[in-house]
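What follows is a set of notes on a single structure, which appears directly below.
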Amino acid sequence: MPELPEVETIARGLAERVTGDVIESIWLTSKPQTLKSSAQEIAAATENTLILNVHRMGKHIIFDLERNAVASAHRAAKPVKAKPLRRRSELSETTKSQWIVHLGMTGRLQVCEPHSEILKHTHAIAKLASGRELRFVDPRRFGRLSVATNGAFETLGTEPLEAALGTFVALFRGRKTPIKSALLNQKLLRGVGNIYADEALFRAGIRPRRRASTLSREPFARLHSSLKEVLHEAIAAGGSSISDYVNSSGDEGFFQLQHRVYGREGEPCLVCKTPIKRVVIGGRSSHYCPKCQK
DNA sequence: ACTATTTCCTGGATGC
DNA sequence: TGCATCCAGGAAATAG
């Protein structure tokens, strides 16, 4: 289940592998729910574009695209002789757009050779000028594809790794919801999912059911630094491979080996040996140590 | 303006 | 073995 560290790992890997390549054409699924923008809109915004960069916003992967003379020339290549130089006005005509991919639970972006087997549940195939293909595969179909053409893609929420303490505390002020649920609310913080919410709360010594509004500045300060710490450590480890997560090269992350509470129900707390508890909060399983977390 | 609950979706695990 | 049932989860939609 890709959360911020997994999405960051994937985006970095993709940036390395496809930046500078050109999307020549794209095939899209007819499954309506997977496409947040229409197939026509996605094709129009992505075909014949140069990939300028790939980066992450919350749990979204953003491809920054540009359609310009370079992209068109790349595409025309081969047998045709070099065309006469375009006029300056034509050369300077560029259109920027963005392709936005949310992986949901089981979404994967793979860069592969065209002859490699097309996996079941493949919902998009972009043909690249390098000869490779960029494919979106998502069995459970919680993932979403969309494009942004007018200005930069916007999404709500604060980036947890960029939030100063004051900003962080202000997000939760007056909220009666459990702190666990607040951490998962993408309109407040973006990118935190179930694993890292549980891990950050454990490190901060806060029970997941505590109402956000009942926490004073001191526990918030601990939570603020714990969250950043766990996210940084997870990114360094290439993310957590639970179920079927792999990065864009098909490699597993290994932060799951460092989980202290997530998925450890009944196992001894690494600090005090008390069995880790699992409860359901807002429909999400939440793991904590009843002794270490207050 | 918030908060809580339901819905979407499939593969893997579990139970009889 | 085979079949039914449950469960995982992000975010949008719905209800309160």
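Chain letters run A, B, ... following the sequence lines, proteins first, then strands; residues in each count from 1. Just so you know, these numbers come straight off a predicted model, no measurement behind them.
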To the nearest Å, how far apart are A:D198 CG and C:dA8 C1'?
14 Å

Going by distance alone, is a donor N or O of one side chain under 3.5 Å from an acceptor N or O of the other, for A:N53 and A:T19?
no

Could you list, one pair per line, each protein nitrogen or oxygen that sits under 3.5 Å from a nitrogen or oxygen of nucleotides 4-7 of chain B, together with the distance?
unit_1: B:dA4; atom_1: OP1; unit_2: A:R211; atom_2: NH1; d: 3.2
unit_1: B:dA4; atom_1: OP2; unit_2: A:T177; atom_2: OG1; d: 2.9

Can you tell me if A:H102 touches the phosphate of C:dA11, counting only side-chain N or O atoms and a distance under 4.0 Å to OP1 or OP2?
yes

Looking at A:R190 and A:E159, is there a salt bridge between them, counting it only when a charged N and a carboxylate O are closer than 4.0 Å?
yes

Will you find, in the side chains of A:R211 and A:S213, an N or O donor that is under 3.5 Å from an N or O acceptor?
no

If you restrict it to nitrogen or oxygen atoms, what contacts under 3.5 Å exist between nucleotides 12-16 of chain C and the protein, and what is each distance?
none

Can you tell me the distance, in whole Å, between the CG atom of A:L188 and the P atom of C:dA11?
12 Å

Starting at CD of A:Q186 and ending at P of B:dC2, how long is that distance when rounded to a whole Å?
17 Å

Taking OP1 and OP2 of C:dG9, is either one under 4.0 Å from a side-chain nitrogen or oxygen of A:Y262?
yes

Return yes if the base of C:dA8 and the side-chain atoms of A:R140 contain a donor-acceptor N/O pair under 3.5 Å, otherwise no.
yes

Could you check how far CZ of A:R175 sits from P of B:dT3, rounded to whole Å?
5 Å

In whole angstrom, give the distance that lies between atom CZ of A:R108 and atom C1' of B:dG11.
14 Å

Regarding A:G193, tell me which of base, sugar-phosphate or nothing describes its non-hydrogen contacts under 4.0 Å with the strands shown.
sugar-phosphate

Closest to side chain of A:P139, choosing from C:dG9, C:dA8, B:dG11:
B:dG11

Whole angstroms only, please: what is the CG-C1' distance between A:L156 and C:dG10?
15 Å

For A:K228, does the NZ atom have more than 12 heavy-atom neighbours from other residues, nucleotides or ligands under 6.0 Å away?
yes

Quick one: are A:E113 and A:R132 in side-chain contact, heavy atoms under 4.5 Å?
yes

If you pin A:R141 and A:N185 to their nearest nucleotides in DNA chain B, which one's is more 5'?
A:N185

salt_bridge(A:K180, A:D198) N-O dist < 4.0 Å
yes

Can you tell me if NZ on A:K294 sees more than 12 non-hydrogen neighbours from other groups inside 6.0 Å?
yes

A:R173 CZ - B:dA1 P separation (whole Å)
18 Å

What pairs with A:R175 under side-chain contact (heavy atoms from CB on, under 4.5 Å), at least two apart in sequence or on another chain?
A:T177, A:L188, A:A212

What's the OH-P distance between A:Y196 and C:dG9, to the nearest Å?
13 Å

According to the 5.5 Å centroid and 30° plane-angle thresholds, does A:F142 stack upon the nucleobase of C:dA11?
no

Going by the angle between their ring planes, with limits at 30° and 60°, are A:F172 and A:F220 parallel, tilted or perpendicular?
parallel

Nearest to the side chain of A:S285 - B:dT3, C:dG9, B:dT10?
C:dG9

Salt bridge check: are A:E16 and A:R12 linked by an N-O gap of less than 4.0 Å?
no

Just N and O in the side chain of A:K59: are any of them under 4.0 Å from OP1 or OP2 of C:dA11?
yes

